Amino acid sequence: MARYIFVTGGVVSSLGKGLSSASLAYLLKSQGYKVRLRKMDPYLNVDPGTMSPFQHGEVFVTDDGAETDLDLGHYERFTNISSKQSDNITTGRIYSDVIKRERKGGYLGKTVQVIPHITDRIKEFIKKDITNEDFVICEIGGTVGDIESLPFVEAIRQFSNENGKSKTLFIHLTFVPFLKSSDEIKTKPTQHSVKELRSIGIQPDIIICRSQQSISLDQRKKISLFCNVPIENVIETVDVRTIYEAPISFYNQKLDKQVLKFFKLKPKKRANLNPWKKITKIVLNTKKSVNIAIIGKYVNLKDAYKSLDEALVHGGIANNVKVNLIRIDSDNLKNNEIKTKLKNVSGLLIPGGFGKRGTEGKISAIKFARENKIPFLGICFGMQMAIIEFARNKLKIKKAGSTELEGKCYPVIGLINEWDKDGKIIKGTNKNLGGTMRLGLYEAKLRNNSAINRVYKSSSIKERHRHRYEVNNKLKSQFENKGLIFSGMSPDDKLPEIIELKSHPWFIGVQFHPEFKSRPLSPHPLFSSFIKASKNHK
Ligand code: GLN
């Protein structure tokens, strides 16, 4: 049976539970173990697909088309293990499953209650779809003590009781503040947080203390004593200089060692930290930089383009250059400002997006990049905007637009309701907003001798999608006659997946989201190539 590691958080949110879980997963994987990472989110949305990035940050999409929490992106980037639909669950999903079953009479007349019915469903999720994994690391969103996370914490308590203490490990991540005025570290919030956990029946086995300052042995002893955890299991994690240092830092603090010791296991091979050391060195020491502008609606929110920001850094790592992101809010972008705002920029990126607001600014910026031969990467909505720009300004279709944005337009982008996925027809609907998009991995065929063909060094690729609208394929020859070619198509030749400009050093638009598949240890070819072109631009 797999061993289960549950990661809870205390004192405050945003302590880096995701990063800690992902780092631990890397360390266990690199010592020869098979690991799976899962996230339980305590909110009532069935999935984060309909949540605004303003509220919740990016929606991460998996190969199998699940719209999930952005922490799954961290997991994938650190472990290179592709997440699945079955790796993320929310309170909303749990309740909706239980209520659906109740409506069908599935509970045989019983009173349906949080305990046992909701907690049973949570335990089913924890165990589902696990085959020969050695470790399943489950992160519980939110902070211990929140009303929302209570059923999850109760469920993991029951899980441990039912599956055996030796098969389940509880890690609690807390905040250990440093008070400047008294020049000392305070352990009291950690003590309270552990007390809160214990009041619901969970005794943590390992406490990870997040702190801005190193925690002295005396303070660790205090935490050990008050929280009833062996001193060697009180692990400190001091802020790292870059997230790529996290696996190294946890290794130095012996987190993986204590986890293996708990389960009475030995490493099957030595942990390999060299790739992280190499990346950390590049990220911290590289002097050369390149300015990349991102024009989007959510640029002011830190996590709204998480995978994209990361993928650009990966592209920088591949080219030994630091990527400076110039974030430009599309809402306030005036046409006459574009020239000045893009003055010192070596590359322009228009990311995915939804809705009319801010689109005209994006279209004008694309025109500027096209005419001034600035490297341009359009992702999903960004590619659609590039099509609109080209149709208006080169094909002279003045009313060219997307049916997503305006009722009356010449639809160069239109709503599609069916997609062919590996020979199976997937149907969309425009009635509900949740779960009705073209989602997950789809194949695209690349044209020989095209720029994209050279980027991928392959004639067939699979990338992750998340959109409802598609480029109108009927206009293909008109576009191509003017120099914008459809260099990547769906296997049935119906859907344009990639566009590129012939007479431009680097101008590519893709209907999918390459950022979801970029990894620090293997940067995505599109981002490496885009950054390379931008580096050569000036
Ligand atoms: N809004 C566009 C669509 O639904 C693009 C979505 C995106 O960029 N992810 O097709």
Side-chain angles (χ1 to χ4, degrees), residues 7-24 54-57 70-71 74 139-146 149 170-199 204-255 258 276-277 279-281 283-286 299-304 306 309-310 313 322 324-325 327:
V7 182
T8 53
V11 184
V12 288
S13 59
S14 306
L15 282 179
K17 271 186 303 208
L19 199 58
S20 309
S21 306
S23 301
L24 174 62
F54 282 122
Q55 291 257 319
H56 194 66
L70 56 80
D71 270 323
H74 280 312
E139 176 189 343
I140 294 153
T143 307
V144 166
D146 296 348
S149 53
F170 294 113
I171 297 183
H172 190 54
L173 176 66
T174 74
F175 182 53
V176 180
F178 171 72
L179 287 195
K180 230 177 170 179
S181 51
S182 55
D183 192 29
E184 55 178 352
I185 287 229
K186 289 290 179 193
T187 64
K188 193 70 85 193
T190 297
Q191 296 175 34
H192 278 291
S193 174
V194 170
K195 202 168 147 202
E196 184 79 41
L197 252 189
R198 285 215 295 243
S199 73
D205 302 297
I206 293 180
I207 299 178
I208 303 180
C209 306
R210 172 88 189 259
S211 175
Q212 289 147 319
Q213 302 267 329
S214 184
I215 303 168
S216 69
L217 185 63
D218 277 352
Q219 298 285 26
R220 280 178 47 213
K221 276 188 183 156
K222 201 165 162 191
I223 294 173
S224 160
L225 178 71
F226 280 93
C227 302
N228 205 24
V229 169
I231 177 81
E232 62 275 17
N233 284 3
V234 180
I235 309 265
E236 70 167 31
T237 167
V238 180
D239 296 353
V240 283
R241 294 167 297 173
T242 142
I243 56 166
Y244 309 117
E245 222 175 6
I248 306 171
S249 159
F250 281 117
Y251 179 81
N252 291 340
Q253 293 300 319
K254 304 190 173 65
L255 173 63
Q258 292 310 117
W276 299 108
K277 285 184 186 157
I279 290 183
T280 301
K281 215 164 148 191
V283 171
L284 296 177
N285 300 335
T286 303
V299 283
N300 296 324
L301 190 94
K302 200 176 124 260
D303 282 341
K306 188 75 201 152
D309 293 351
E310 287 294 315
V313 175
K322 205 168 146 229
N324 290 333
L325 296 183
R327 300 165 200 271

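Residues: numbered from 1 along the sequence shown. Keep in mind the model is a prediction, meaning the values are calculated, not measured.
With a 4.5 Å cut-off on side-chain heavy atoms, Phe178 and Asp183 count as touching. Two residues are said to be in side-chain contact when any heavy atoms from C-beta on lie closer than 4.5 Å; Gln253 and Thr237 fail this criterion. Contact check for Val283 versus Tyr244: side-chain heavy atoms found under the 4.5 Å cut-off. Using a 4.5 Å heavy-atom cutoff, the side chains of Val194 and Pro204 are in contact.
With Lys221 contributing its side chain and Ile231 its backbone, the two residues share no donor-acceptor pair below 3.5 Å. Although no hydrogens or angles enter the test, the distance criterion places no donor-acceptor pair under 3.5 Å between the side chain of Ser249 and the main chain of Glu245. With hydrogens and angles disregarded, no donor-acceptor distance shorter than 3.5 Å links the side chain of Gln258 to the backbone of Ile206. A donor-acceptor contact shorter than 3.5 Å is absent between the side chain of Arg327 and the backbone of Leu301. Not one N or O on the side chain of Ser193 forms a donor-acceptor pair closer than 3.5 Å with the backbone of Pro189. Side chain of Lys17 to backbone of Gly142: a donor-acceptor contact under 3.5 angstrom is found. Side chain of Asp239 to backbone of Gln212: no donor-acceptor contact under 3.5 angstrom is found. A donor-acceptor contact shorter than 3.5 Å is absent between the side chain of Gln219 and the backbone of Ile215.
Distance check, rounded to the nearest 0.5 Å: CZ of Arg220 to CD1 of Ile207 gives 11.5 Å. Atom CG of Asn285 is separated from atom NZ of Lys322 by 11.5 Å, given to the nearest 0.5 angstrom. Distance check: Cys209 SG to His172 NE2 gives 9.5 Å after rounding to the nearest 0.5 Å. To the nearest 0.5 Å, the span separating OG on Ser20 from CD1 on Ile235 amounts to 11.0 Å. Distance check, rounded to the nearest 0.5 Å: CG of Leu255 to CG of Leu24 gives 5.0 Å. Atom CG of Leu15 sits about 7.5 Å away from atom OG1 of Thr143, to the nearest 0.5 Å.
Each salt bridge (Lys or Arg N to Asp or Glu O under 4.0 Å) pair with one or both residues in residues 224-237, not counting sequence neighbours, appears once here: Glu232-Lys261.
Across every non-hydrogen atom of Ser211 and Ile185, the tightest pair is OG-CD1, 3.5 Å. For the residue pair Val11 and Thr190, the shortest heavy atom distance occurs at CG2-N, 4.2 Å. Among all heavy-atom pairs drawn from Val12 and Phe175, the shortest one is CG2-CB, 3.9 Å. Closest heavy-atom contact between Ser23 and Phe250: CB-CD1, 3.6 Å. When all heavy atoms of Ile243 and Val240 are compared, the pair lying nearest together is CA-CG2, 4.3 Å. The two residues Val238 and Ser214 make their nearest non-hydrogen contact at CG2-CA, 3.8 Å.
Lys306 meets the salt bridge (Lys or Arg N to Asp or Glu O under 4.0 Å) test with Glu310; sequence neighbours excluded.
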